[in-house]
Structures are given as C-alpha cells and as structure tokens.
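Here the structure is a predicted model, which means the values were calculated and not measured.
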Amino acid sequence: MTARRAGETSLPPMAECVVIGGGVIGVGCAFRLAEAGVDVLLVERGELGGGSTAKAAGGIRSSFTSRVNVELGLRGLAGYSAFSRDFGIEIDFRRDGYLYLVTDPADVPAFERCAGLQREYGVRSHLLDPAEAKRLLPLVETDDVVAALWSPDDAKATPDAVVRGYAKAARAHGAKLRTGVEVTGIERDGDTLTGVVTTAGFVRTGAVVCAAGAWSGRIGELAGLDLPVRPYRRQVVFTGPVAGLPESVPLTIEMPSAFYFHREGPGLAMSFSEDDGVPGFDTRYEAGEWLPRLAGLAGRRIPAVLDAGIRTAWAGLYETTPDRNQIIGESVLLSRFFYATGFSGHGFQMGPATGELIRDLYLGRQPAVDIAELDVRRFGTVDTAPAEHNIV
C-alpha cells in the first residue's frame, strides 16, 4: 500500500487528461503521458496499487499464443529488466523462467505453435520431454506429463515496487496523483468529452484514460460506452517452508487445469483458475470446496508441499473479457476516451508496453505494436480476436 500524501484528495479544476485507476496500468500511463509533456491527473478510488495489482503474482512472460501478446510481453520483459536502472527502485527482477507442464496430448500442437511463434521474435522457448522437465525442476512429478514448454527468459518482479517507481516518476514530470477519489460521472456534450465528476469534485477535461481494471465496466457505463470487462475472484494460498525447494523455481503452470505455483520466500504461492461462475467484487478468501481441489492438484504435482502447511491466503480480482484478451484503444463513439483494461490476469507484465501505447494513441502517433485486434469493437463483430490459450 502507498501512504496517502498530504492534500492528495484536492483536485485541480481542469486537466488535459484524466487517468482513472491507480494500478500498474494507470500509473504507467500517467508516467508516459506526463513524460511527453501532457498535463495529467490520475484518480484512484483506493490506494495506488491497492486493487488487482496488489494481488498480482508478478510474472512477466512472452509465452503467449498470439503475435500481439508476445510483442507486449517482450516489451514488458525489456522494460522491467531495466526498471531499477531507469527508475531508481529495486523491483527484484529475476529471470527464473516459465515452465508449462502439458498433460493433454491434444494441447501439444498449440504449445509447439506457441514456441515457434516466440522463436520468430528471438525468444528461446522450446519443448521439453517429461524427463527433461523433471531434471529442470526435480520437485515436480511428471508421470502424466506428455510435454513441457520451457521459456527460460521469462521472469518475475514485485508489482507494488513497480507502482511506486512509476508514481514517483509521474510526479517528477508534473502528473498529479490523487487517491481516495472515486469517479461518479463522466460528462459529455454529444460525442465530445467535457469532464469527470468525482467524490472530490468536478474536473474539466477533454481526454480520459480508463485504466480502472475490474471496475472498468462501470466507468464505461458512466461514459455511455460498453467495455465488456467483468470481475471474477481468484484465490491464492502461501505455504510454509517446502523441503528441498531450490533457490530458483520457474513459475510453473500445469495445463489444462491452470494450476500454478512459484517460489514465495521459503515456500510456494499456489492457485488455479476456477470456473468463472458469477461476476462480482467479493474478495473474501473462502476455502470451501476450492482448497481441497487445490490440495488435490498440488499433492499430485508437487507432493513435498503437503507437509508445508498454509501460512496465509487471500483473494483478488481478475478483470476478464470474453476472449481473455485485453482491450486497448480509443473510442470511436466518444472523442478522446482511451481504454486500457481487461487484461485477464496479464496486466502487470503488459504495463510497460501499455503506457507507451496509450501515450502514442493520445499524441496521434503510430504505436510501436499493431494493436488493431485489441480494439473493443471486435466484440460487436464475428471477426473477433482468437482467445488467448495460455491463461494463468
């Protein structure tokens, strides 16, 4: 959590651009815009990084199944590898890699295509046989594994440190960051955006960036727009010390269950993707039927963890779109309304690229990555982007 600064709820009467949301996407956009000379105001209903970013696993990867996601992931890896140098804040960037354990033979061709696509961009991803995966990570059982995808250059970092770094840099370039301020209305004159109504007052502006994560659907409604982003709860447990745990543990994902684990201190953080069920903003941790299912997955894959016990647990929100791909672009229905949301669990790793994309869209530049397929209008046509296969 970021401590509130004195006077941080006082708002200027106007700003060139208002960024809604203070997670890694919002503060990254605010920094890049301010760096480019834009008068930026960021408003966040809670604390900076206190939403989904606070509960992010911190993974950074290029191991996706579409061109645009591989490109955005690579830009994230590049940005975070240089973050401590560029921003003066240590984010514990470690290239421990990503390891996908494939248990369904029908999934192998998709992972072969994934590795081939990544190699086109210079990534060292390649398939392993079960014995090679076992040698790489002796902790795991591989009896039912048919193949594994190993991406050694993928990494992990600390999300709240990144938020602090972006926020500090944004302020240094003149951006105003206000916490404890909720947006309650967006005013427009026809298709022209005129201002933002908040719990701390009205701000006149001609541009808005919606980076509100799981709350983006509501922001879209306030603007009279449909942003198909829905919140779904995801739970994580943290174990006590695990015997034989190596210093370097890849972020490991079993497919198709999407059970995953990574090192967290002397133990592991573990989770799996539940059926989405009913969307909502409930972030209470409830063991219920979920914990026995997790224990079953963990016990089969990493038996040593069963003796470690649970140290703590929490629940957070995924901001999910129908095709599990993010929506990034500018509205054609409301002038100067930009959106960067719906990352479906991948927002942290795409933060560096997204700030640059929104800056370029705002300035009327051609973005470095072709993001046409991420436009929200794809959901209104039959020609939608292919669903992302590697969901964690």
Requested in this report: For Glu286, enumerate each residue passing the side chain to side chain donor-acceptor pair (under 3.5 Å) test, keeping only those at least two apart in sequence or located in another chain.
Outcome: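 Glu286: side chain to side chain donor-acceptor pair (under 3.5 Å) contacts with Arg233.
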
Report task. Name the orientation class of the two ring planes belonging to Trp314 and Phe238 (parallel below 30°, tilted from 30 to 60°, perpendicular beyond 60°). Result ->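 If you compare the ring of Trp314 with that of Phe238, the planes turn out tilted.
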
Let me have the donor-acceptor pairs involving side chains of residues 329-339, under 3.5 Å, with sequence neighbours excluded, atom names and distances please.
| unit_1 | atom_1 | unit_2 | atom_2 | d |
| --- | --- | --- | --- | --- |
| Ser331 | OG | Leu333 | N | 3.0 |
| Ser331 | OG | Leu334 | N | 3.1 |
| Ser335 | OG | Asp191 | O | 3.1 |
| Arg336 | NH1 | Tyr362 | O | 3.3 |
| Arg336 | NH2 | Tyr362 | O | 2.9 |
| Tyr339 | OH | Val376 | N | 3.2 |

Anything under 3.5 Å between a donor and an acceptor, one on a side chain of residues 84-92, the other on a protein residue two or more places apart or in another chain? List them.
| unit_1 | atom_1 | unit_2 | atom_2 | d |
| --- | --- | --- | --- | --- |
| Glu90 | OE2 | Asp92 | N | 2.7 |

With sequence neighbours excluded, residues passing salt bridge (Lys or Arg N to Asp or Glu O under 4.0 Å) with [X]:
| X | value |
| --- | --- |
| Asp39 | Lys176 |
| Arg301 | Asp144, Glu254 |
| Arg124 | Asp153 |
| Arg230 | none |

Report task. Name all pairs fulfilling the salt bridge (charged side-chain N to carboxylate O under 4.0 Å, His left out) condition that reach into residues 12-33, sequence neighbours left out, sorted by first residue then second. Result ->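 Qualifying pairs: Arg32-Glu35, Arg32-Glu356.
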
Report task. Provide the full list of salt bridge (charged side-chain N to carboxylate O under 4.0 Å, His left out) pairs with a residue in residues 64-74, sequence neighbours left out, each pair given once. Result ->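 Checked against salt bridge (charged side-chain N to carboxylate O under 4.0 Å, His left out) - neighbours excluded - the pairs reaching residues 64-74 are Arg67-Glu71, Arg67-Glu373.
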
Query raised in the report: Which other residues end up in the same hydrophobic cluster as Met14, if Ile, Leu, Val, Met, Phe, Trp and Tyr are linked when side-chain heavy atoms come under 4.5 Å apart?
Result: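 The other cluster members (ILVMFWY side chains, heavy atoms under 4.5 Å, direct or chained): none.
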
Could you go through residues 214-229 and list every donor-acceptor pair under 3.5 Å that involves a side-chain atom there, pairing it with any protein atom two or more places apart or in another chain?
| unit_1 | atom_1 | unit_2 | atom_2 | d |
| --- | --- | --- | --- | --- |
| Ser216 | OG | Ala212 | N | 3.4 |
| Ser216 | OG | Gly213 | N | 3.1 |
| Ser216 | OG | Gly213 | O | 2.8 |
| Ser216 | OG | Thr341 | OG1 | 2.7 |
| Arg218 | NH1 | Glu221 | OE1 | 3.4 |

**Report entry** ring pair (Phe, Tyr, Trp, His ring centres under 6.0 Å) contacts touching residues 169-191 (sequence neighbours left out)
**Finding:**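 Every ring pair (Phe, Tyr, Trp, His ring centres under 6.0 Å) pair that includes a residue of residues 169-191, provided the two are not neighbours, is Phe31-His173.
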
